[in-house]
There are 2 protein chains.
Amino acid sequence: MTILFADDEDRDRGWLRSLLETNVKEHGPFHEAHDGQEAVDMALKIKPELVFLDIKMPRLSGIKAAELILEKLPTTGVIMLSNFSDEVYVRQLWKIVPPDGAFGYVLKNASNEQVVEACKAVLSGDCWIHPGIARVIQRTQNRATNLTSAEYEALVCISLGMTDHTIAKRLFLTEKAVQSRLKSLYAKLGIPGRGEGGENEFNQRCRANYLANKRGLINQQELDEWEAKLGAKAGA
Amino acid sequence: MTILFADDEDRDRGWLRSLLETNVKEHGPFHEAHDGQEAVDMALKIKPELVFLDIKMPRLSGIKAAELILEKLPTTGVIMLSNFSDEVYVRQLWKIVPPDGAFGYVLKNASNEQVVEACKAVLSGDCWIHPGIARVIQRTQNRATNLTSAEYEALVCISLGMTDHTIAKRLFLTEKAVQSRLKSLYAKLGIPGRGEGGENEFNQRCRANYLANKRGLINQQELDEWEAKLGAKAGA
DNA sequence: GCGGCTTCTGGGGTTTTCCCCAGACAATTG
DNA sequence: CAATTGTCTGGGGAAAACCCCAGAAGCCGC
């Protein structure tokens, strides 16, 4: 039984280590990585049966790391760890996991039992998804609530605080096109228009922000990365 | 040496327990609470010398718990644990800690050494503040960047997606007053006005949101609580 | 090949947000 | 006491955001 786990924080590595030591029979020494790149390197060398990957790690995200590992070793069991129940990540993960691969997605506020459960499931070829994410997954498959990439793009832009005009220039669109994207975005998020809100009238732009954050469609870290990307483009 | 720690997550209690067991000499059995209320009850009974409190806990937040404990037992050493480097919390904490009290503030991504360090500091009557928060504390004391409560209130409202008109009604102000608050808020966050942004024109409302989140002035959990409060008021 | 969907386009409108200006009042501070 | 700061007040104006409408191009599945 070869197990690798990757996390950049002392606390979480310690957590996993003691958890696995007491719950996995016939465990060998565990292999620990401190970031995504190290995890990939180690995985390719030791060919573990099971890999735990934190999503947020320096150098290489857990998602990317999983992609690289599964590319070479598609039968590896992968369990993602995350602080967030974010739709963004579930989305991304869905794309890279082989259709018949075994993987798990557990939130970091999971109980010890849940982690052990996920561990067993993945080792026996099943998937284990944290209860808190079940509804998220439903949403990614629902037409009426699942955002298209155009809408998502617009969402990111307004979340960064751009005006319609600025967005149009950045994405090479007309302002009308931007407004069109926003309109359908608001609709999918279920934000009432002017006059439909009764006593609670909303500023749709800001409301979209709030709801998107709440649903985990976006989060601060993701936005910061976008900001870096788009900001650089703007500087040129 | 009597030590109490309170956290609602398996992982973090496990972390603290093993950390303290290996690093604190002559430790007795540690006392563990699972939420804020339990922490207060236990503290009043066992009168610990040191208390670890997670900020985000069910029933009673760590901040409130600290307040109640310090009220009765002002000499207790308190170490707050947080996932965030949020200004909101530092602010609140500042108010309730007795001027000569010893307390610590450590982020949950701290290394094991840092926690031990904080522990020692507080036990010997010093304060220990996580490096990542030093600048936050500076900001809370800087005139030009520290928000007044009026500005903060406005910030929360726009982050929830309210319009000027809705805010005015909720807070019993004129719309002009709301705009006045927003204007100074934008200024303190350093958001350029119309025409001042050059190529990057901003929607100040949304930009304020983004920056406030980035600085930890607000976060999703806090907003959700406000939403519940203000939403209830609106329903009536 | 036909509907269905998304996306972009355009005209022409209302409301909201933000801008500049200036004044008044209370509380704090030197 | 004066000076400063935070807050609310007001008028009037420009720009942005949002509203309705309708049409056309492209892509997909049936």
Side-chain angles (χ1 to χ4, degrees), chain A residues 141-155 157-210, chain B residues 140-155 157-211:
Chain A
Q141 291 167 345
N142 182 338
R143 224 356 124 26
T145 54
N146 182 24
L147 301 188
T148 65
S149 48
E151 285 150 359
Y152 183 75
E153 222 174 7
L155 171 61
C157 288
I158 62 169
S159 297
L160 289 175
M162 298 185 194
T163 62
D164 289 3
H165 182 238
T166 309
I167 300 172
K169 269 198 303 189
R170 283 277 185 300
L171 303 182
F172 306 101
L173 299 167
T174 62
E175 292 190 31
K176 280 291 183 183
V178 174
Q179 294 181 344
S180 168
R181 288 182 172 197
L182 288 178
K183 197 187 158 196
S184 52
L185 171 66
Y186 299 152
K188 286 199 183 169
L189 291 178
I191 304 171
R194 284 180 181 161
E196 297 171 4
E199 280 303 289
N200 306 42
E201 193 85 22
F202 286 122
N203 175 316
Q204 300 177 294
R205 221 163 238 257
C206 292
R207 188 65 180 172
N209 241 300
Y210 170 69
Chain B
T140 62
Q141 290 166 347
N142 182 339
R143 231 344 135 22
T145 53
N146 182 23
L147 301 188
T148 65
S149 47
E151 286 150 359
Y152 183 76
E153 221 173 7
L155 172 61
C157 288
I158 61 169
S159 297
L160 288 176
M162 298 185 195
T163 62
D164 290 3
H165 182 239
T166 309
I167 300 172
K169 269 198 304 188
R170 283 277 185 299
L171 303 182
F172 306 101
L173 299 167
T174 62
E175 293 189 29
K176 279 291 183 185
V178 175
Q179 294 179 345
S180 169
R181 288 181 172 196
L182 288 177
K183 197 186 158 195
S184 52
L185 170 68
Y186 298 152
K188 286 199 182 167
L189 291 178
I191 304 171
R194 285 182 181 161
E196 296 172 7
E199 280 304 290
N200 305 44
E201 193 85 21
F202 286 123
N203 175 315
Q204 299 178 296
R205 219 164 239 257
C206 291
R207 188 65 179 171
N209 240 302
Y210 171 68
L211 291 177

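So you know, we letter chains A, B, ... as the sequences are listed, proteins then strands, and number each from 1.
Atom CG of A:L185 sits about 11.0 Å away from atom SG of A:C157, to the nearest 0.5 Å. Rounding to the nearest 0.5 Å places OG1 of A:T166 at 13.0 Å from CD1 of A:I158. Taking CZ from B:R207 and CE from A:M162, the interatomic distance works out to 8.5 Å, rounded to the nearest 0.5 Å. Between the CD atom of A:Q179 and the CD atom of A:E175 there is a distance of 6.5 Å, given to the nearest 0.5 Å. Here B:K183 contributes atom NZ and B:K188 contributes atom NZ; the two are 13.5 Å apart, rounded to the nearest 0.5 Å.
For B:S184, the side-chain hydrogen bond (donor to acceptor under 3.5 Å, both in side chains) partners are B:E151, not counting sequence neighbours.
Here D:dT7 presents its P atom at 15 Å from OH of B:Y152, a figure rounded to the nearest Å. Counting to the nearest Å, the P atom of C:dT9 and the CG atom of A:L173 are 7 Å from each other. In this structure, B:L185 places its CG atom 14 Å from C1' of D:dG6, rounding to the nearest Å. Between the C1' atom of C:dT16 and the CD1 atom of B:I167 lies a distance of 12 Å, rounded to the nearest Å.
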Dump the intermediate steps for side-chain hydrogen bond (donor to acceptor under 3.5 Å, both in side chains) on A:T163 and B:N203, then the final yes or no.
CA-CA 5 Å; A:T163 62; B:N203 175 315; over 6 Å; no

Could you walk me through whether B:I167 and B:R181 satisfy the side chain to side chain contact (heavy atoms under 4.5 Å, CB included) test, starting with their C-alpha distance in whole Å, then the side-chain angles of each, then the deciding distance to 0.1 Å, before giving a yes or no?
CA-CA 11 Å; B:I167 300 172; B:R181 288 181 172 196; over 6 Å; no

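Side-chain N/O atoms of B:T174 include one lying less than 4.0 angstrom from OP1 or OP2 on D:dT9. Residue B:R181 places no side-chain N or O under 4.0 Å from the OP1 or OP2 atom of D:dT7.
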Reading nucleotides 11-30 of chain D from 5' to 3' and marking B where a protein heavy atom lies under 4.0 Å of the base, S where only the sugar-phosphate is that close, and - otherwise, the string is BB--BSBBB-----------

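Axis angle between the ends of the helix from C:dG4-D:dC27 to C:dT16-D:dA15, five pairs each and rounded to 10 degrees, works out to 20°.
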